[in-house]
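Model, not experiment: these values are computed from the prediction. Note that ligands are numbered from 1 as they come in the structure, with each ligand's atoms numbered from 1 the same way.
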Amino acid sequence: MGKIKYEVYKEVAWVTINRPDKRNAIDYEVMDRLEEILAEIEECQNSKIVVITGSGSQAFCSGGDLSAFHSLVTQKEAYKMLSRMGKILQKIFLFPKPTVALLNGTAVGGGCEIAVSCDFRVAKKRAKFGFIQGKLGITTGWGGAAMLYERISQSEAMRLLMSAKAVTAEKGKELGFINHTVEPENLKEECLDWLQPFLEQPLSVLKAYKSYWLSKCNENKIIERMDEEIYHCSVLWESDEHHQAVRTFLNKNK
Ligand SMILES: CC[C@H](C(=O)O)C(=O)SCCNC(=O)CCNC(=O)[C@H](O)C(C)(C)COP(=O)(O)OP(=O)(O)OC[C@H]1O[C@@H](n2cnc3c(N)ncnc32)[C@H](O)[C@@H]1OP(=O)(O)O
């Protein structure tokens with residue numbers, strides 16, 4: 001089984017990051033497959049909605065693979081990786097079909113950026129999420145802040161980003177970041193139940209409503225703000241604080 005599982009089931013395209021032993025961290029192979037699968041889903045007439053989730057019961061996604069990206073030292077090296085994943089999240093944010101992040105567990109760092117790139121977030125009860133990048137001496141690096149400011153209020157978005165703290169799905173519901181919570185036992189079916197009213201509409205209607213939202217967003221402005229954020233993260237990436245924080249994490253189990 002590859003690092004991403006993809007199937008169409010009950011008119012939903014299910015995309016599952018499949019690295020549970022690494023808390024579904026994103027590496028270059030995951031990026032390769034995400035690019036391929038998103039292109040396939042865009043053309044597919046058998047799916048009306050895209051759900052992105054993670055394998056296992058512990059994590060949705062723990063962000064960038066710190067082992068894989070530890071070798072990126074300079075701003076230029078970091079920017080190449082960050083901008084590649086940033087383009088993937090731009091594609092998800094601007095995707096013509098409705099998109100859903102199904103948080104099957106913890107979402108931290110870039111994992112939250114994947115979640116915020118989706119139109120909706122459905123979370124397992126007691127899941128936690130956190131834009132924790134500040135603890136690594138960087139900001140969000142895949143455009144997550146720009147997208148978060150489109151999803152919830154400025155002050156709550158800024159609080160999540162600047163505090164770099166993980167919060168519960170219940171708190172996320174209060175903020176309007178989490179749209180629905182489901183019991184852990186039957187995530188996929190409960191998520192499908194919540195999506196059922198959407199699935200009763202023709203794909204053409206769902207795509208039209210998504211396009212009205214994207215018109216309001218001003219796509220070019222979103223892309224510009226995401227690119228600016230990605231560049232700033234790549235500059236911070238070079239800092240000793242960031243490299244030390246990554247070393248600390250990678251040495252923690254040694
Ligand atoms: C690239 C930039 C990007 C961005 O913002 O644009 C980012 O995402 S920066 C943020 C990067 N992510 C992190 O700092 C999170 C690191 N992981 C954790 O904090 C924890 O693993 C957590 C909370 C996700 C889960 O904790 P838990 O106790 O359940 O698991 P372990 O920590 O014991 O981890 C199990 C196993 O997975 C490996 N792991 C977890 N996260 C990552 C990761 N992001 N990259 C690489 N490897 C990861 C961890 O090392 C353990 O491996 P093992 O071989 O079993 O020791």
Side-chain angles (χ1 to χ4, degrees), residues 3 17-31 34 52-90 92-93 101 103-117 123-124 126-148 157 160-169 184 225-239 241-254:
K3 291 186 178 179
I17 306 168
N18 185 36
R19 301 187 72 205
D21 58 323
K22 296 296 179 188
R23 301 299 182 266
N24 298 321
I26 305 295
D27 64 6
Y28 291 117
E29 281 179 68
V30 172
M31 292 186 200
L34 276 176
I52 299 174
T53 189
S55 272
S57 60
Q58 290 176 287
F60 166 73
C61 175
S62 60
D65 185 320
L66 294 165
S67 305
F69 303 150
H70 184 42
S71 59
L72 306 175
V73 177
T74 66
Q75 177 274 330
K76 205 170 171 197
E77 290 166 337
Y79 182 78
K80 196 163 171 235
M81 176 278 289
L82 294 171
S83 55
R84 183 178 175 198
M85 188 62 188
K87 291 260 177 304
I88 292 170
L89 296 196
Q90 281 168 13
I92 296 172
F93 188 90
L103 274 56
N104 58 297
T106 303
V108 288
C112 282
E113 297 185 74
I114 295 171
V116 77
S117 73
K124 173 175 85 172
R126 289 175 294 288
K128 295 190 86 171
F129 69 93
F131 291 85
I132 52 103
Q133 288 87 334
K135 291 182 177 161
L136 298 177
I138 55 175
T139 68
T140 46
W142 293 339
M147 294 185 283
L148 186 62
L160 282 174
L161 295 164
M162 290 182 172
S163 68
K165 282 193 182 316
V167 298
T168 64
R225 285 164 46 203
M226 289 176 75
D227 290 346
E228 187 185 315
E229 174 186 326
I230 290 165
Y231 173 74
H232 284 153
C233 179
S234 70
V235 171
L236 293 171
W237 187 282
E238 271 191 332
S239 68
E241 189 181 3
H242 172 241
H243 292 309
Q244 182 52 52
V246 172
R247 278 194 294 272
T248 302
F249 175 81
L250 294 176
N251 294 330
K252 75 176 171 53
N253 289 341
K254 290 194 170 62

Ligand 1 versus [X]: contacting region, heavy-atom distance under 4.0 Å:
X	value
Leu250	neither
Ala25	side chain
Phe131	neither
Lys135	neither
Asp21	backbone

Counting only nitrogen or oxygen atoms and a 3.5 angstrom limit, does [X] reach ligand 1?
X	answer
Gln58	no
Leu66	yes
Glu113	yes
Lys252	yes
Thr139	no
Gly141	yes

Indicate yes or no for a side-chain donor-acceptor contact from Asn18 to the backbone of Ser55 under 3.5 Å, with no hydrogens or angles considered.
no

Is the closest heavy atom of Met85 to ligand 1 under 4.0 Å?
no

Going by the closest heavy atom to atom 7 (C) of ligand 1, which one wins out of Pro20, Ala68, Ala59, Gly110?
Gly110

Quick note on ligand 1: atoms under 4.0 Å from a heavy atom of Gly63 include exactly 8 (O)

Per-atom filter on ligand 1: closer than 4.0 angstrom to a heavy atom of Trp237 are 1 (C), 2 (C)

Applying the side chain to side chain contact (heavy atoms under 4.5 Å, CB included) criterion to Ser117, which one of Ile52, Ile92, Leu148 satisfies it?
Ile92

Side chain to side chain donor-acceptor pair (under 3.5 Å) with Arg247: which residues, sequence neighbours excluded?
Gln244

Return a table of donor-acceptor pairs under 3.5 angstrom between the side chains of residues 131-143 and protein atoms on other chains or two or more places apart.
residue : atom : partner : partner atom : Å
Gln133  : NE2  : Gly109  : O            : 3.3
Gln133  : NE2  : Glu113  : OE2          : 2.9
Lys135  : NZ   : Ala164  : O            : 3.3
Thr140  : OG1  : Ala145  : N            : 3.4
Thr140  : OG1  : Glu229  : OE2          : 2.5

